[in-house]
Amino acid sequence: MHDALAFVLVGHVDHGKSTLIGRLLYDTDSLAEGKIEEIRRTCEDLGREMEFGFLMDHLEEERSQGITIDTAQTFFKTGRRRYVIIDAPGHQEFVQNMITGTSQAEAAVLVVDAREGVREQTRRHACILSMLGLRQVIAVVNKMDLVNYAPYRFREVQQDLLACLSSMGIQPHCTIPISARNGENVACETTSMPWYEGPTVLDALDSLTMQGSANDAPLRFAVQDVYRVKGKRILVGRVASGKIRQGDELIFLPQDTRTKVQSIEILWQDRAEAEAGECIGITVADLLCIQRGAVACSIAKLPSVTFTLCANVFWMSREPFRHGDSLTLRIATQETLVSIRIVKKMDSSTLEPIVDNLDQVRQTEVAEMVIETQQPVVVESFNDVPELGRFVLVRHLDVVAGGIVTQIGNVTEAHH
Ligand code: GDP
């Protein structure tokens, strides 16, 4: 999805995420005709006031019945561009999706209830945004209608929120007082808060910058499998970034062997080139011993090949990590056994460092780790080529943790 900006909506439960999504879709005319009427009627039948949150429940139900094709993503557009909202029902799913690459948000909207202010999940989500390197954040203080649109309450919450975010290295683009339910400062300005002069949520989204297309990055093609067809060896996989053309010179890492692209095919059709996101098969000029896990790169700019990396790791399994556990690291199509040392860890909600049990990591904890790999791995900074900068850890076939590479090589010793 290159032409749409993907953002995630996060915030404490009940602070108004679904309502805001419903509002955004409604105000941008993105709902199928009759949908809103249908929900209005359902609400009337139930003797309830129309709620935009129901819209999301309704869409959810359709999804689970397979009526709409797209699963966890919702689209809308403004005069400027298209958007994809990535729904993050819980922080666990969000982290998992971001790290496994199911969804790749470039920005986040953080929702806080004006009455309740910053809560546990607000902090936890902010911590995750920070760990994932998501720096484009729009903060909204929702339900302003329930605090009589009082500017002092807005400023109070804003102050707390800014303190919380800045402790994690995030400076939001703006903080917007809204009422998602009434559609105030979402797509349209409102007369209820004349003291606020900043942008609406849609204006703020339109002012974000989109990351450069993955096509402009250097070529990275992780080999998923090797097929033998009629005497030819076809290397198949997905282009993680950059472009690949017939005749291009490539270097396969970590083997460090060079060759040229002889042919490219997509679904058995010959192609002269392919770009980021496409699943392809290629043949190369030389008979090389290339296997699953190899990464083909353009010679112009090479990633690192290392046995040691530092990473931020989110433990996702109910079963904690214990020192000495046998874990497998998976980055793109690479797999290798690893040994792990915990440098420090913290609670993902309070951000308090946890100093006891340093040989364990539990479900709600985030750890900074030094990972030693048995085989050399091809890695890159998460912000340059996400596919080579994020990984999962696997224990007995279960994905137990996800992480992002923060440093290549062991540089933590210098700091600690
Ligand atoms: P989520 O759990 O973050 O998705 O929260 P929901 O969108 O489901 O909202 C939780 C409750 O807050 C629902 O009853 C909404 O109707 C209500 N709510 C959400 N936004 C507003 C708002 O701007 N004003 C008021 N008064 N209620 C709201």
Side-chain angles (χ1 to χ4, degrees), residues 7-28 30-31 35-36 39-40 42-64 72-74 76 85-95 97 103 105 108-126 128-129 137-151 153-154 156-158 161 164 175-193 195-196 198-202 204 349:
F7 68 94
V8 64
L9 245 144
V10 292
H12 197 83
V13 62
D14 278 345
H15 282 198
K17 295 178 295 294
S18 313
T19 308
L20 181 55
I21 297 178
R23 235 325 150 179
L24 284 167
L25 297 182
Y26 180 68
D27 287 354
T28 52
S30 311
L31 294 163
K35 182 114 302 169
I36 218 72
I39 295 162
R40 205 186 298 269
T42 315
C43 291
E44 267 171 25
D45 290 349
L46 293 169
R48 302 173 70 159
E49 224 183 298
M50 156 81 189
E51 284 221 14
F52 279 98
F54 289 161
L55 182 62
M56 290 317 294
D57 295 344
H58 194 78
L59 293 178
E60 202 52 53
E61 204 173 300
E62 286 191 354
R63 278 177 192 148
S64 60
Q73 305 191 330
T74 320
F76 69 90
I85 308 175
I86 295 167
D87 204 359
H91 76 286
Q92 200 82 3
E93 286 94 338
F94 172 45
V95 171
N97 290 349
S103 53
V109 174
L110 178 63
V111 183
V112 182
D113 185 321
R115 294 167 310 176
E116 297 202 351
V118 172
R119 296 288 299 274
E120 182 192 339
Q121 285 165 27
T122 320
R123 289 178 198 284
R124 204 160 263 170
H125 288 160
I128 291 163
L129 298 180
V137 177
I138 296 171
V140 301
V141 177
N142 186 30
K143 308 195 191 181
M144 284 302 294
D145 54 299
L146 296 182
V147 295
N148 296 322
Y149 305 102
R153 182 57 193 156
F154 169 70
E156 238 168 35
V157 176
Q158 181 184 32
L161 192 54
C164 160
T175 314
I176 313 175
I178 69 165
S179 165
R181 180 191 216 146
N182 301 345
E184 293 175 290
N185 284 341
V186 177
C188 309
E189 289 174 9
T190 170
T191 49
S192 326
M193 293 176 270
W195 44 267
Y196 174 74
T200 62
V201 176
L202 276 191
S349 122

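All ligand and atom numbering here is 1-based and tracks the order in the structure. In this chain, residues are counted from 1 in sequence order.
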Name the orientation class of the two ring planes belonging to Tyr196 and Phe154 (parallel below 30°, tilted from 30 to 60°, perpendicular beyond 60°).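 Ring orientation of Tyr196 relative to Phe154: perpendicular.
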
Backbone or side chain, does any N or O of [X] fall under 3.5 Å from an N or O of ligand 1?
{"X": "Leu146", "answer": "no"}
{"X": "Gly16", "answer": "yes"}
{"X": "Asn182", "answer": "no"}

If you take all heavy atoms of Pro199 and Ile176, which pair is closest and at what distance?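 Looking at all heavy atoms of both residues, the closest pair is O-CG2, 3.4 Å.
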
Can you list the steps and then say if Tyr26 with Val186 is a side chain to side chain contact (heavy atoms under 4.5 Å, CB included)? CA-CA 11 Å; Tyr26 180 68; Val186 177; over 6 Å; no

Check for me whether Ala180 has a heavy atom closer than 4.0 Å to any atom of ligand 1.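 Yes; Ala180 lies near enough to ligand 1 that a heavy-atom distance drops under 4.0 Å.
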
Side-chain polar contacts of residues 7-15 - donor-acceptor pairs under 3.5 angstrom, sequence neighbours left out - could you list them?
unit_1	atom_1	unit_2	atom_2	d
His12	ND1	Gln121	N	3.1
His15	ND1	Asp113	N	3.1
His15	NE2	Glu116	OE1	2.9

Non-neighbouring partners of Val157 that pass side-chain contact (heavy atoms from CB on, under 4.5 Å), sequence neighbours left out: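 Applying side-chain contact (heavy atoms from CB on, under 4.5 Å) to Val157 gives Val112, Val141, Arg153.
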
Please state which part of His15 comes within less than 4.0 Å of ligand 1, counting heavy atoms only: side chain, backbone, both or neither.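 Near ligand 1, His15 shows its backbone, while the atoms from C-beta on stay back.
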
Region of Asp14 that comes within reach of ligand 1 [heavy atoms, distance under 4.0 Å]: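 Both the backbone and the side chain of Asp14 come within reach of ligand 1.
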
